[in-house]
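For the numbers below, each heavy atom of this structure counts, side chains included, while hydrogens, waters and symmetry mates do not.
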Amino acid sequence: MIIGAIEAGGTKFVCGIGDETSTIFERITIPTTTPDETLEHVVKFFEGKNIERLGVGSFGPVDLDRDSGTYGSITSTPKPYWSDFNLIGELKKHFSVSVAFDTDVNAAALGESIWGAAKGLDSCLYITVGTGIGVGALTEGKLVHGLTHPEMGHIMVRRHPDDAYAGGCPYHGDCLEGLASGPAIEARWGKKAVELVDNPQVWEMEAYYLAQAIANYILILSPKKVILGGGVMNQKHLFPLIREQVVTILGGYVQHKQILEEIDTYIVPPGLGNNSGLVGALGLVR
Ligand code: ADP
Ligand code: ZN
């Protein structure tokens, strides 16, 4: 089957043509500008490619309720021009194929569970730490939805005693995303994250926040694998710092060898590299 896949991000849209084995034959990256301009490029890419289905993982929040009049829309984003834009409605005007739709992070979690670091597991979390923080969850073989969908990047965390930064989330100030996203790191320390590599305090504080969040997710959802991706996680030295703090926070309470003895294979980078989102969009179609 020829499947179209879209990873719709706030910075860029990645579009691909692939199949149900996760092979991507062709891809394109389009900067996210206005909805009209961005969609024009997206439509042009897929035109004439004979796609039989389309899978879309999108930044959000998004309306995933099929009974809602605004199904397929991006809802309350602070990103200029995009709130209330009906992404799926617009795509359906151009392509009369069935469209599978979910959040970018749910798509990534699904992709990782079929082909990546959580292959064969019926449960995992995919956390992206980038411009924002988003978390997708698969439990008992299903992507987690609810009233809308979880927004685990915006949970409250205990503040680091040495952190004077107020937090940058436009909705909550010092929620997890407000304290630990890439832009939060850069606002706190006044430099690009990549220029802060040699300052251990930066990464100790980053791990302090991410580890709290992950410990909370483990306590709530008991995922079988925790996958961390996104730009900030290019700092691979964060992994041991996070693992160590997660174990400390859980304090031996969660009695499982994955946490007590095998944390290195429990909290891991994506198996699909930078492709979790796009390949996950293919997975949504299956
Ligand atoms: P997006 O979240 O927009 O899809 P990314 O996941 O690449 O994009 O996240 C971008 C953020 O990640 C930037 O704000 C930047 O601070 C941070 N970032 C990108 N590359 C690195 C890196 N190598 N090391 C640390 N932080 C990085
Ligand atoms: Zn927030």
Please check if any side-chain donor atom of [X] sits under 3.5 Å from a side-chain acceptor atom of [Y], or the reverse.
X: Tyr126; Y: Asn106; value: no
X: Thr21; Y: Asp19; value: yes
X: His237; Y: Gln235; value: yes
X: Glu37; Y: Thr33; value: yes
X: Glu204; Y: His160; value: yes

Between [X] and [Y], what is the shortest heavy-atom contact and its length?
X: Ala117; Y: Lys225; result: O-CE, 3.3 Å
X: Arg159; Y: Tyr208; result: O-OH, 3.4 Å
X: Val62; Y: His149; result: N-NE2, 3.1 Å
X: Glu206; Y: Ala180; result: OE2-O, 2.6 Å
X: Gly9; Y: Thr32; result: O-OG1, 2.7 Å

Side-chain heavy atoms of [X] within contact of [Y], under 4.5 Å:
X: Thr148; Y: Leu64; value: no
X: Arg188; Y: Leu179; value: yes
X: Phe46; Y: Ile6; value: yes
X: Pro223; Y: Cys124; value: no

With a 4.0 Å cut-off, would you call Arg286 and Glu20 a salt bridge?
->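 Salt bridge flag = no for Glu20 with Arg286.
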What distance separates Ile3 CD1 from Leu284 CG, expressed to the nearest 0.5 Å?
->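 Going from CD1 on Ile3 over to CG on Leu284, the span is 10.0 Å.
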At what distance, to the nearest 0.5 angstrom, does CG of Leu138 lie from CG of Leu121?
->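 Going from CG on Leu138 over to CG on Leu121, the span is 9.0 Å.
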Is the ring centre of Phe239 less than 6.0 Å from the ring centre of Trp203?
->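 For Phe239 and Trp203, the ring centres are not under 6.0 Å apart.
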Looking at residues at least two apart in the chain, or sitting in another chain, which of them share a side-chain hydrogen bond (donor to acceptor under 3.5 Å, both in side chains) with Asn274?
->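 Listed in chain order: nothing, the list is empty.
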For atom CZ of Phe25, decide whether the heavy atoms of other residues, nucleotides or ligands shown that lie under 6.0 angstrom number more than 12.
-> yes
Determine, step by step, whether Trp189 and Gln201 satisfy the side-chain contact (heavy atoms from CB on, under 4.5 Å) criterion, reporting the C-alpha distance in whole Å, the side-chain angles of both residues, the deciding distance to 0.1 Å, and the verdict.
-> CA-CA 10 Å; Trp189 302 98; Gln201 215 193 340; 3.8 Å; yes
With Gln212, which of Ile249, Val246, Ile155, Leu176 fulfils side chain to side chain contact (heavy atoms under 4.5 Å, CB included)?
->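 It is Ile249, the one option of Ile249, Val246, Ile155, Leu176 that forms the side chain to side chain contact (heavy atoms under 4.5 Å, CB included) with Gln212.
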Provide the full list of salt bridge (Lys or Arg N to Asp or Glu O under 4.0 Å) pairs with a residue in residues 46-73, sequence neighbours left out, each pair given once.
-> Glu26-Lys49
Kindly assign one of parallel, tilted or perpendicular to the pair Phe101 and Tyr71, based on the angle between their ring planes and the thresholds 30° and 60°.
->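 Perpendicular.
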Could you check Ser73 against Thr75 for side chain to side chain donor-acceptor pair (under 3.5 Å), going step by step and ending with a plain yes or no?
-> CA-CA 6 Å; Ser73 296; Thr75 59; over 6 Å; no
